[in-house]
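Quick notes on the structure that follows.
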Amino acid sequence: MANSRWRRVTASAIVAAGALTLTGCLQNPDQSGGAGGFGADTEPDEGDGVVTVLGAFGGQEMEAFEASLAAWEEESGIDVQYVSDQDFTTTILLRVNSGDAPDIGLFPQPGGVLQMAAQGQIVPIDQFLDYESLDSTLVNGFLDSARYQGRVYAAPMRMAVKSVVWYPKAAYEEGGWSTEPASLAELDEIGEQIKADTGKTPWCIGWESAQATGWVGTDWIEEYMLRLHGPDVYDDWIYHRIPFNDERVVQAFEAYAELATDDNVLGGSTGILNTPFAEAMTPAFQDDPDCYLMRQGNFATGFFPADVQDNLDEEVGIFVFPPAEDGYDGQPILGGGDLAAAFRYDADTVAFMEFLTSDQFGAEWAQAGGWLSPHSTFDETNYPDDIHRQMAQMAIEADVFRYDGSDVMPKEVGSDSFWKAMVDFQNGASAQAVTDAIEAGWPDEGDAAAETGSGR
């Protein structure tokens with residue numbers, strides 16, 4: 001899912017930090033003759049045989065998406081018209097505010113969903129989907145990412161899994177190191193064994209991403225927040241119900257620093273900042289690897305050397321980034337995905353949303369590679385290799401799923417000050433100093449979003 005992360009670091013992220021109309025009573029924007037409201041007893045309008053969809057993915061991903069719709073379109077008689085816009089987060093705001101919303105938007109981050117839910121622009125999913133049935137098949141906790149004032153306004157149509165540790169299979173297995181560490185402490189022990197056995201640094205870490213350098217570091221902090229303190233504290237942090245410089249956040253920064261020492265990471269601190277994130281693991285695929293472990297999302301496969309991509313099951317192995325032995329009592333998964341939200345309440349839109357958010361969607365996309373279903377009931381034989389099946393299973397077996405926190409925070413933080421602070425931290429600034437700076441710059445309007453984001 002390479003483009004999923006690439007969109008995040010190149011597009012402006014919409015977050016729930018704008019001037020929100022905080023109202024508990026949703027109203028239909030009635031942009032082109034929709035129903036008079038989204039009340040529980042309101043029947044959907046009659047459809048016109050066309051469903052318009054706006055999303056951020058294009059190219060091969062768009063082709064795979066459209067291939068996944070062909071059979072359904074033929075059977076239903078409904079024409080799905082998808083438009084790709086790489087500046088989705090800006091375009092969707094402009095179109096909604098000008099009364100030209102698509103029937104469905106595919107949001108790469110939940111912040112825009114929360115913002116438009118607060119403005120009464122989106123139909124809550126319990127209006128037209130069987131919420132309990134949907135929730136029972138989804139990865140645990142996924143729907144929480146689109147919850148506003150107790151109701152959910154979008155459902156996932158694909159998933160990203162970020163808590164993946166990659167290794168070069170042949171070299172790693174020859175070394176005889178564990179492929180199932182049960183805790184962060186055991187993962188540290190593996191690193192020490194690699195150093196002792198090979199004289200090489202165990203970790204491959206690269207952050208360089210032009211003006212977006214630093215986003216990889218935010219994922220590390222999110223991983224540690226989940227493992228050290230659990231999902232409830234994690235939610236309080238990303239929705240700013242606790243300050244960014246809370247002592248538990250500082251602890252997460254310091255935990256990452258204990259792993260990312262100069263003798264643990266190829267190239268040390270300088271290498272971390274100067275190595276392009278897409279090339280971080282390339283040295284692991286040499287005949288004599290210079291590093292062995294990389295924590296990165298499932299989209300990383302798209303950046304591996306061509307010969308590795310052509311034979312993933314033989315070339316790479318994976319295991320889940322493990323829990324903290326004295327932290328959250330369970331296995332969390334950090335991830336992301338595209339969330340489908342309906343701006344119109346008519347029969348055709350409802351029918352397509354039912355399909356798009358079900359375990360019946362995505363077989364053709366899965367077969368093409370680079371796509372994971374958020375449903376535990378999805379037919380895993382559609383995945384092209386064991387690596388994709390294993391990554392999907394990681395999320396299914398996890399005790400809780402949480403969406404990438406920086407994608408939920410106000411954009412002034414999640415795609416600006418947080419990124420910059422990670423660079424400062426990697427350059428030697430203290431955890432307290434960088435978290436103090438982020439907290440001092442948290443936008444006032446972000447606090448309004450924090451009160452509503454998780455619905456708790």
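Given the structure is predicted, the values throughout are model-derived calculations rather than measurements.
With ring centers used as reference points, Trp177 lies 6.0 Å or more from Tyr167. Aromatic ring centres of Trp371 and Phe57: separated by at least 6.0 Å. For Phe361 and Phe355, the gap between ring centers is short of 6.0 Å.
In plain terms, the two heavy atoms of Gly150 and Arg147 that are nearest each other are O-NH1, 3.6 Å. Taking every heavy atom of both residues into account, Ala154 and Ala341 meet most closely at CB-CB, 4.0 Å. Closest heavy-atom contact between Ser145 and Leu114: O-CD2, 4.1 Å. Contact detail for Ala284 and Pro168: the closest heavy-atom pair is O-CB, 3.3 Å. What you find for Pro181 and Pro322 is that their closest heavy atoms are O-CB, 3.5 Å. Ala366 and Pro384 get closest at one heavy-atom pair: O-CD, 3.0 Å.
Side-chain atoms of Lys169 come within 3.5 Å of backbone atoms of Asp313 as a donor-acceptor pair (strictly under, hydrogens ignored). Within the 3.5 Å criterion, the main-chain N or O of Asp103 finds a donor-acceptor partner in the side chain of Thr52. Judged purely by atom type and a 3.5 angstrom limit, Gln296 has no side-chain atom pairing as donor or acceptor with the backbone of Asn298. Without hydrogens or angle criteria, Ser269 side chain to Asn427 main chain gives no donor-acceptor distance under 3.5 Å. Under the 3.5 Å distance criterion, the side-chain polar atoms of Tyr403 are matched with a main-chain donor or acceptor of Gly337. In terms of modelled atom types and a separation under 3.5 Å, the side chain of Ser163 and the main chain of Ile333 share no donor-acceptor contact. In this structure, Lys162 contributes its side chain and Gly336 its backbone to no donor-acceptor pair below 3.5 Å. The backbone N or O of Met294 sits nowhere less than 3.5 Å from a side-chain atom of Trp203 that would complete a donor-acceptor pair. The main-chain N or O of Phe321 is found under 3.5 Å from a side-chain atom of Gln331 such that the two form a donor-acceptor pair. Judged by distance alone, the side chain of Arg248 and the main-chain N or O of Met225 form no donor-acceptor pair under 3.5 Å.
Atoms CG and CG, on Asp404 and Leu334 in that order, are 5.5 Å from each other to the nearest 0.5 Å. Here the straight-line distance linking atom CG of Asn140 with atom CZ of Arg402 works out to 8.0 Å at 0.5 Å rounding. Considering CG of Asp290 and OG1 of Thr282, their distance stands at 11.0 Å, rounded to 0.5 Å. Atom-to-atom distance recorded for Tyr256:OH and Thr218:OG1 is 11.0 Å, nearest 0.5 angstrom. The OG1 atom of Thr213 lies 11.5 Å from the CD atom of Gln426; values are rounded to the nearest 0.5 Å. Between atom NZ of residue Lys411 and atom CG of residue Asp416 there is a gap of 8.5 Å, rounded to the nearest 0.5 Å.
Under a cut-off of 6.0 angstrom, the local environment of CG in Asp310 is crowded, with over 12 non-hydrogen atoms contributed by other residues, nucleotides or ligands. Within 6.0 Å of CD in Gln309 there are more than 12 heavy atoms belonging to other residues, nucleotides or ligands.
Exactly one residue among Asp188, Asp262, Asp263 makes a salt bridge (charged side-chain N to carboxylate O under 4.0 Å, His left out) with Lys195. That residue is Asp263. Under the side-chain contact (heavy atoms from CB on, under 4.5 Å) rule, Leu54 has a single partner from Phe88, Tyr82, Phe107, Phe343, which is Phe88.
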Going through the distances and angles, do Arg158 and Trp365 end up as a side-chain contact (heavy atoms from CB on, under 4.5 Å)?
CA-CA 10 Å; Arg158 75 163 162 178; Trp365 202 343; 3.4 Å; yes
Mind running side-chain contact (heavy atoms from CB on, under 4.5 Å) on Leu259 and Trp220 for me, showing each step along the way?
CA-CA 10 Å; Leu259 178 141; Trp220 277 99; 3.9 Å; yes
Before giving the answer on ring-ring contact (aromatic ring centres under 6.0 Å, His included), spell out for Tyr292 and Tyr172 the whole-Å C-alpha distance, their side-chain angles and the decisive distance to 0.1 Å.
CA-CA 7 Å; Tyr292 289 83; Tyr172 193 89; 7.0 Å; no
Go through the steps to decide whether Gln109 and Val408 satisfy the test side-chain contact (heavy atoms from CB on, under 4.5 Å), and finish with yes or no.
CA-CA 7 Å; Gln109 297 99 13; Val408 180; over 6 Å; no
If you apply the rule side-chain contact (heavy atoms from CB on, under 4.5 Å), what do you find for Arg241 with Asp235, and how did you get there?
CA-CA 8 Å; Arg241 293 192 289 261; Asp235 290 345; 3.6 Å; yes
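Neither side chain, Tyr383 nor Gln390, offers a donor N or O lying under 3.5 Å from an acceptor on the other. Residues Ser417 and Glu412 bring no donor and acceptor atom of their side chains to less than 3.5 Å of each other. Donor-acceptor pairing under 3.5 Å is recorded for the side chains of Gln367 and Asn382. Of the N and O atoms on the side chains of Thr91 and Asp85, at least one donor lies less than 3.5 Å from an acceptor on the other residue.
Using a 4.5 Å heavy-atom threshold, the side chains of Trp442 and Met409 count as touching. No side-chain heavy atom of Ile122 sits under 4.5 Å from any side-chain heavy atom of Tyr148. For the pair Leu134/His375, a side-chain contact is recorded, criterion being any heavy-atom separation below 4.5 Å from C-beta on. Residues Phe319 and Glu180 are not in side-chain contact: their nearest non-hydrogen atoms beyond the backbone lie 4.5 Å or more apart. Put simply, the side chain of Asp219 reaches to within 4.5 Å of the side chain of Trp215, judged on heavy atoms. Between Val83 and Pro102 there is no side-chain heavy-atom pair separated by less than 4.5 Å. A 4.5 Å side-chain heavy-atom check between Leu106 and Leu356 finds at least one atom pair inside the cut-off. The side-chain heavy atoms of Ile396 and Gln393, taken from C-beta on, include a pair separated by under 4.5 Å.
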